[in-house]
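Quick notes on the structure that follows.
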There are 2 protein chains.
Amino acid sequence: MTVIFSKKCELALQAVLYLSVNKDKNFFSASGISEQIKMPKEFIAKILQSLVSHGIVVSKKGKTGGFNINKPLNEIRLIDIVAAVDGLEIFHKCVLGFEGCNVEQPCPLHNKWGKLRDMTYNMLSEETLLDILDKTEEKIKSINPANI
Amino acid sequence: MTVIFSKKCELALQAVLYLSVNKDKNFFSASGISEQIKMPKEFIAKILQSLVSHGIVVSKKGKTGGFNINKPLNEIRLIDIVAAVDGLEIFHKCVLGFEGCNVEQPCPLHNKWGKLRDMTYNMLSEETLLDILDKTEEKIKSINPANI
DNA sequence: TAAAAATCAGATATTTATGTCTGATAAAAC
DNA sequence: GTTTTATCAGACATAAATATCTGATTTTTA
Ligand code: SF4
Ligand code: SF4
């Protein structure tokens, strides 16, 4: 069954990673971010607004306003962003959707899929934004050296 | 990025697994299958028709018509069904979609996601319908003992 | 205090995925 | 040969995901 994550979530991750390398600078406007990650600014704004309501991002209105990360980088895991945008339902759902499943008579995919699904979950939970900051910086810099 | 497989594909897998345990019996009509796997028969029909065009399923018109598996069970892998319905694009795509990626400067997820993606692909490629037939029979029987 | 530049909330629009219908054709049973 | 029952092809309908717009509010700058 279905998704690792949606496009919305992909965007959210990109935006947050982008913000994470600039956390100590000023707030970044939706349009500024949208130039960097090449996505419609209205959509970015919308997504970031929802991350604000989840406490991951903080926003500031007005002329010098924009968005920034709301917590220390070591307190935000990738899975937190996925959870905020897509929810965690996927990580509890089965692959095939046959009815009447029970542990004694799983379908051929139950165990194997379950393992992969858990590994994916763990991968996203393992590291905080701080842990991957170096790699993220490299990446963001390679997109536009002016970013850092 | 995105999907392991779509609902269409989930349904296709269910339908093919159902057919696989009854391969040596007569053709099964879309409505018969839809009763078992609880999905609209028109949708089932549509999906099976596309599997017909991919050579995985064979159909027969007319009064005793319906669908059946077209090849020996050891020649059909789960990935073949996924490929027919959803395509394999997902297994070649990146997670985050940042631009300008190269092997030297991958983003934090590139390697880890790549591994999981490959494992998923391998899992679906590993076994043929024949290999999992026993487990499939158990599962189908548990849904409705009359099925086998 | 007025102008500029940003978020915010919610409505609206577009696109894609999912699901349904209709009429034509084919095969079996009578 | 006629009736029944199935697939088939393609149009159509609905739902969900993605994307855009609009007007209000907030804050800074001048
Ligand atoms: S056995 Fe597991 S994977 Fe298979 S249909 Fe049931 S819950 Fe889903
Ligand atoms: S480094 Fe890899 S995972 Fe990251 S954005 Fe590029 S291709 Fe995708």
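So that the names make sense, note that chain A is the first sequence line, chain B the second, and so on, each numbered from 1.
- Remark: B/Met123 CE is packed, more than 12 non-hydrogen atoms of other residues, nucleotides or ligands lying under 6.0 Å away.
- Side chains of B/Asn122 and B/Ser125: no donor on one and acceptor on the other come within 3.5 Å.
- Applying the side-chain hydrogen bond (donor to acceptor under 3.5 Å, both in side chains) definition to pairs two or more places apart or across chains, those involving residues 46-63 of chain A are A/Lys60-A/Thr64.
- A 4.0 Å heavy-atom criterion places the boundary nucleotides of DNA chain D facing chain B at D/dT4 to D/dA11, written 5' to 3'.
- The one candidate from B/Ile132, B/Asn74, B/Ile79 that meets the side chain to side chain contact (heavy atoms under 4.5 Å, CB included) condition with B/Glu127 is B/Ile132.
- For B/Glu89, the CD atom sits in a loose shell: 12 or fewer heavy atoms of surrounding residues, nucleotides or ligands are nearer than 6.0 Å.
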Its contact letters, B for base, S for sugar-phosphate only and - for none at protein heavy atoms under 4.0 Å, make nucleotides 9-19 of chain C read BBB------SB
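- Using a 4.0 Å heavy-atom distance criterion, A/Phe67 is classed as a sugar-phosphate-only contact.
- The ring-ring contact (aromatic ring centres under 6.0 Å, His included) contacts involving residues 69-95 of chain B comprise B/Phe91-B/Tyr121, where partners must be two or more places apart or lie in separate chains.
- If you take CG of A/Asn68 and P of C/dA6, they are 15 Å apart, rounded to a whole angstrom.
- Put simply, the side chain of A/Leu13 reaches to within 4.5 Å of the side chain of A/Leu78, judged on heavy atoms.
- At a threshold of 4.0 angstrom between heavy atoms, the contacts of A/Ala30 are confined to the sugar-phosphate backbone, with no base atom among them.
- Of the residues in residues 52-64 of chain B, those with a non-hydrogen atom less than 4.0 angstrom from any atom of DNA chain D are B/Ser59, B/Lys60, B/Lys61, B/Gly62, B/Lys63.
- The local environment of CD in A/Glu35 is sparse, with at most 12 non-hydrogen atoms from other residues, nucleotides or ligands closer than 6.0 Å.
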Tabulate below the donor-acceptor pairs under 3.5 Å that side-chain atoms of residues 66-73 of chain A make, not counting sequence neighbours, or state none.
residue : atom : partner : partner atom : Å
A/Asn68 : ND2  : A/Lys23 : O            : 3.0
A/Asn68 : ND2  : A/Lys25 : O            : 3.4
A/Asn70 : ND2  : A/Gly55 : O            : 3.0

Notebook entry, point to check: How far apart are the C-alpha atoms of A/Asp80 and A/Arg77, what are their side-chain angles, what is the distance that settles it, and do they pass the salt bridge (Lys or Arg N to Asp or Glu O under 4.0 Å) test?
Noted result: CA-CA 5 Å; A/Asp80 297 325; A/Arg77 301 167 304 162; 2.9 Å; yes
